[in-house]
There are 2 protein chains.
Amino acid sequence: MERGGVNGADIGLSDARVEMLRARLGDDLVLSGADTERYCRDWHGDITTGTVAVIRPRSTADVSAAVKAIGDLGLSIVPQGGNTGLVLGATPDDPEGQVVISLERMTAIRRLDVDDFSAVVEAGIVLSEFKDKVEAAGLYFPLALGAQGSCRIGGNVSTNAGGINVLRYGMTRELVLGLEVVLPDGSIFDGLSTLRKDNRGIDLKQLFIGAEGTLGIVTAVSVKLMPPAEQVATALLGLNALSDAIALYRRARRDCCDLMSAFEFMPPVAFTLAREVMPDLVMPMPGDYPAYVLMEISGSGLVDIEDLMHRFLEGVMEDGLVLDGVAAGSRAQARNLWLFREGMNEGQAKRGPHLRTDVSVPLSKLADFVQQAEEAVTLALPDCLCVSYGHVGDGNVHLNVLPPAGLSRSESDSLIYQAKGLINAVLARFGGSISAEHGIGRLKKSDFASGLPETQARLLGAVKRAIDPKIIMNPGCQLNFAEDS
Amino acid sequence: MERGGVNGADIGLSDARVEMLRARLGDDLVLSGADTERYCRDWHGDITTGTVAVIRPRSTADVSAAVKAIGDLGLSIVPQGGNTGLVLGATPDDPEGQVVISLERMTAIRRLDVDDFSAVVEAGIVLSEFKDKVEAAGLYFPLALGAQGSCRIGGNVSTNAGGINVLRYGMTRELVLGLEVVLPDGSIFDGLSTLRKDNRGIDLKQLFIGAEGTLGIVTAVSVKLMPPAEQVATALLGLNALSDAIALYRRARRDCCDLMSAFEFMPPVAFTLAREVMPDLVMPMPGDYPAYVLMEISGSGLVDIEDLMHRFLEGVMEDGLVLDGVAAGSRAQARNLWLFREGMNEGQAKRGPHLRTDVSVPLSKLADFVQQAEEAVTLALPDCLCVSYGHVGDGNVHLNVLPPAGLSRSESDSLIYQAKGLINAVLARFGGSISAEHGIGRLKKSDFASGLPETQARLLGAVKRAIDPKIIMNPGCQLNFAEDS
């Protein structure tokens, strides 16, 4: 403390650590200073932090060496994929104590076996790139997210990513056949099998799926592939109420023989919001309905998917479950229907800071939850706009709350905070989850911890300390753990 | 050691422990002596063992009390469901130190929510009973096993049971939404949510699925339900070679739009074996083919499943992929086709002790594996008969080896042991699993341990000791662990 004070001392210390990492891992793998900035900004650009260094391994052996080197320096590790997460799981919260390991250079497809309906890929491949290569081989990888042009498969696994097609193909967990993981001591868990059935004891890989890098670094993944979705039928339907969407979903699962790949609900305001950013968007049907469903059926081979959609729509309109509907007659028309879904999101972003939630409830309670949660918000915060949409088949609601225009940042932040509390209180009554698909990260940590039963907390602590006794893997993410004594 | 020797002393000790369990838990919950016999015999009736007592709880609170009482006595616990397992996972191997906890009295359906496509059931309900009740409510629970009239859902979860419909609906793991588990200290893990999407951190319930009771006792389960399979089309197909079955499977997944619910292969000898126990069975088609496939397509609603099967068969016969085929025209005919599959198993049992395997390989290597493994066995043990059948879509082969008639038990046991070694050696070259769906239990423990990579062994030990530090949950099952020091 004699010269330079705390700041100067810390910077000197950081520099020395960077030099030690460079000496041990080679300059090629290590970024520091201004080069680390883009790894320290979250996806929305709301939060900027810092890091001692960013390590960019080219191989699993590199990751293992980096983990050991970082551990030896007494530093901890924040694994990062495409950095598209929404809960601050992949950006440091301790700039002087944490090193980012980015998987962005590990992008190889190690194997793509068409007859095995499987592939083995490195963690850093961008999701859409992988999907394209699978499609070129005549198969299909069904994970589909808004961020798929930037997110990377290792991050998808570590967050157990969801998305549009979950009702048909499951979360990322259900697509994973095997994992390669670098553990906190630098050893390598080699579980890259593509076996469909393997009941050799406890399935360790499950621990790393959804762990957000708190137990190890996913370096490669083997995944299931599907037959191509050669035919896709898309329709937008106008309903009398959101509760009718639940009944319609039940009917659709039966009538469409589980061939549905998406079943999204949207509020009427979706169209207003979409047109605010895409003024040329054509309204897909006349009239105005209290609730909308965007639904997709898809398949390959001998089933006539378009005909199936037409016969389904005929039936449900005859029965009055759907008031009006439009089926896309072409890929362009289908694209146009999905544009409303995407435009709605962009329209919300354009209106400024707002509450984004990602909750889930039992499917049978989805309509009641939305109604009661919106009522609670509207009663307490009458100037705010509620926008509820999501995935009916998964009971997953994005109930967003938009403060009125013209507020200061602190005024709107206060409304957002209040709205979150109101929604979480209703959610608790429904036995819902505060994170359906985005994860916990650092953003939802305190809400997660406060709702965690004691037995679960104890088990999580026991598992964490069993695998990462020095608490060096993404500390500060999901939960705070004290080092094993 | 003064009077009665070791046996007398042990019996006295056992008696005292039984009395202490009765005093603490009540007579109604505790069986001892001859009443415990049927809980101590394995499913095939090959092995008979003993136990201090059998506890039969009526509630989760009873299970918790029993776990605490048994732990206080310094005894350990063997959880048991329907006792239909094939790997000695649910029967004691230390009659003087282990207490069986049978879940057979906990059979309630706590909730069946048709709109949520979910149910919450207690661990002891018999699978077929649960399936019937779900069907009566207009839905479908797709887990389908030979033992479904006796096995119980808690055992299905603890062994991650597979069965016939895995290629469409996944293993038991993929059907589980939530679990309630009594932990080794008697505390209760309450995770009975029915949420489809819940990304709140590490998914602890995954640890207990497939753990065969080594981490806790599953007392209740919430599961996914499906639309009913109103239409089922079944066909038996004759092929030129097993390798054609792989090509046919690929074609069928595409053509049939992922609506296949079974795709089994069988050898020609299946019919001989089936007729040995069911002499009246009608041969479903003329001619004799090198390989057979039994396939099922199913669905509900607006897709014409029978028409789909006919058009598929037309196409593949035209292309020469299938030499001959017969589609069942009625439920009775379909039943008759499945009888060959079941009769084949009974026919093997009738021929006496034989090697039953349950292995898996990557789907693309299934035909090569069967050929090489059968060659290895036939070359070394020319008098033995190989019977290979299984689930193509899962890469799961039951390659059984039948010693010739007229051998003594020790002679046939020696052939069985040699055949297992030969098959496992080929399996290792293919990166296969020695347990595709049956689990490890006590039967496969040494094969499992000898093939276990060091990193996996270390992780399994760390997790086991983190959750069960006193090693009281099903010790001797899956792996041997030393108590935490």
Side-chain angles (χ1 to χ4, degrees), chain A residues 113 115-117 160 162 174 187 189-190 193-204 206-207 210-211 227 246 250 253-259 299-303 308 311-312 360 362-364 394-396 431 433 435-440 448 453 455-456 459-460 462-463 466-467 478, chain B residues 113 115-117 160 162 174 187 189-190 193-204 206-207 210-211 227 246 250 253-259 299-303 308 311-312 360 362-364 394-396 431 433 435-440 448 453 455-456 459-460 462-463 466-467 478:
Chain A
D113 184 342
D115 284 350
D116 193 41
F117 288 87
N160 187 27
E174 293 180 56
S187 63
F189 171 83
D190 175 9
S193 139
T194 64
L195 298 175
R196 247 61 184 177
K197 272 184 171 176
D198 186 5
N199 267 348
R200 283 178 291 180
I202 292 162
D203 190 2
L204 288 169
Q206 302 294 341
L207 279 174
I246 315 295
R250 201 168 62 234
R253 279 201 68 178
R254 189 188 152 281
D255 280 6
C256 302
C257 216
D258 265 339
L259 294 174
S300 54
L302 300 173
V303 177
L308 178 60
R311 285 188 296 137
F312 171 68
S360 62
L363 174 49
S364 52
D394 317 317
N396 184 185
S433 167
S435 181
E437 53 181 10
H438 295 167
I440 298 297
F448 175 48
T455 306
Q456 269 87 329
L459 273 182
L460 285 172
V463 168
I467 298 179
Q478 291 196 348
Chain B
D113 184 342
D115 285 350
D116 192 39
F117 287 88
N160 188 28
E174 293 180 57
S187 63
F189 171 83
D190 174 10
S193 139
T194 64
L195 298 176
R196 247 60 184 177
K197 273 183 170 175
D198 185 4
N199 266 348
R200 283 178 291 181
I202 292 161
D203 190 2
L204 288 170
Q206 302 294 341
L207 280 174
I246 315 296
R250 201 169 62 234
R253 278 201 68 177
R254 189 188 153 279
D255 278 8
C256 302
C257 218
D258 266 339
L259 295 174
S300 55
L302 300 172
V303 177
L308 178 60
R311 284 188 296 137
F312 171 68
S360 62
L363 174 49
S364 52
D394 316 320
N396 184 185
S433 167
S435 181
E437 52 181 11
H438 295 167
I440 298 297
F448 175 48
T455 306
Q456 269 87 329
L459 273 182
L460 285 172
V463 168
I467 297 178
Q478 292 196 347

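Quick note on labels: first sequence line is chain A, next is B, and so on, each numbered from 1. In what follows, every heavy atom counts, from backbone to side chain, and hydrogens, waters and symmetry copies are set aside.
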Visitor: Please determine, among B:G201, B:G395, B:S187, B:A211, the option with the most heavy-atom pairs under 4.5 Å with chain A.
Guide: B:G201
Visitor: Taking side chain as everything from C-beta outward and backbone as N, CA, C, O, which of these in A:F189 sits under 4.5 Å from a heavy atom of chain B? Side chain, backbone, both or neither.
Guide: both
Visitor: Is A:D258 reaching over with its side chain to a backbone N or O of B:P227, donor-acceptor style, under 3.5 angstrom?
Guide: no
Visitor: Find the one option among A:G299, A:S193, A:G210 whose heavy-atom pairs under 4.5 Å with chain B are most numerous.
Guide: A:G210
Visitor: Heavy-atom pairs under 4.5 Å with chain B are the metric here; pick the option from A:I246, A:I467, A:D203 that has the most.
Guide: A:D203
Visitor: Please look at B:L259 and chain A and tell me whether the side chain, the backbone, both or neither of the residue comes under 4.5 angstrom of a heavy atom of that chain.
Guide: side chain
Visitor: Indicate whether the side chain of A:D198 and that of B:S433 have a donor and an acceptor atom separated by less than 3.5 Å.
Guide: yes
Visitor: Please determine, among A:R196, A:E174, A:R254, A:H438, the option with the most heavy-atom pairs under 4.5 Å with chain B.
Guide: A:R254
Visitor: Using a cut-off of under 4.5 Å for heavy-atom pairs, which of A:P362, A:G439, A:A462 has the most such pairs with chain B?
Guide: A:P362
Visitor: Could I get the full list of ring pair (Phe, Tyr, Trp, His ring centres under 6.0 Å) partners for A:F312, not counting sequence neighbours?
Guide: none
Visitor: Nearest 0.5 Å, please: how far is CG in B:L302 from SG in A:C257?
Guide: 8.5 Å
Visitor: Taking the side chain as C-beta and beyond, is there a heavy-atom pair between B:Q478 and A:I202 under 4.5 Å?
Guide: yes
Visitor: Measure A:T455 against the heavy atoms of chain B and call it side chain, backbone, both or neither at under 4.5 Å.
Guide: side chain
Visitor: For the candidates B:G301, B:S300, B:G162, which exhibits the highest count of non-hydrogen atom pairs separated by less than 4.5 Å from chain A?
Guide: B:S300
Visitor: Within the distance-only criterion (no hydrogens, no angle test), does the side chain of B:Q456 pair as donor or acceptor with the backbone N or O of A:D190 below 3.5 angstrom?
Guide: yes
Visitor: Is there a donor-acceptor pair closer than 3.5 Å between any side-chain N or O of B:N199 and the backbone N or O of A:E437?
Guide: yes
Visitor: With only heavy atoms counted, which part of A:L195 is less than 4.5 Å from chain B, the side chain, the backbone, both or neither?
Guide: side chain
Visitor: Checking A:P453 against chain B: side chain, backbone, both or neither under 4.5 Å from a heavy atom?
Guide: neither
Visitor: Between A:D113 and chain B, which part of the residue has a heavy atom less than 4.5 Å away: side chain, backbone, both or neither?
Guide: side chain
Visitor: Can you tell me which of A:T194, A:L204, A:V463 forms the most heavy-atom pairs within a distance under 4.5 Å of chain B?
Guide: A:L204
Visitor: By a 4.5 Å heavy-atom criterion (distance strictly below it), what part of A:I440 contacts chain B: side chain, backbone, both, or neither?
Guide: both
Visitor: In chain order, what residues pass the salt bridge (Lys or Arg N to Asp or Glu O under 4.0 Å) check against A:D116, with sequence neighbours excluded?
Guide: none
Visitor: Is a side-chain donor or acceptor of A:S360 paired with a backbone partner of B:K197 at a separation under 3.5 angstrom?
Guide: yes
Visitor: Give me the atom names and distance for the closest heavy-atom approach of A:R250 to B:F117.
Guide: CG-CZ, 3.8 Å
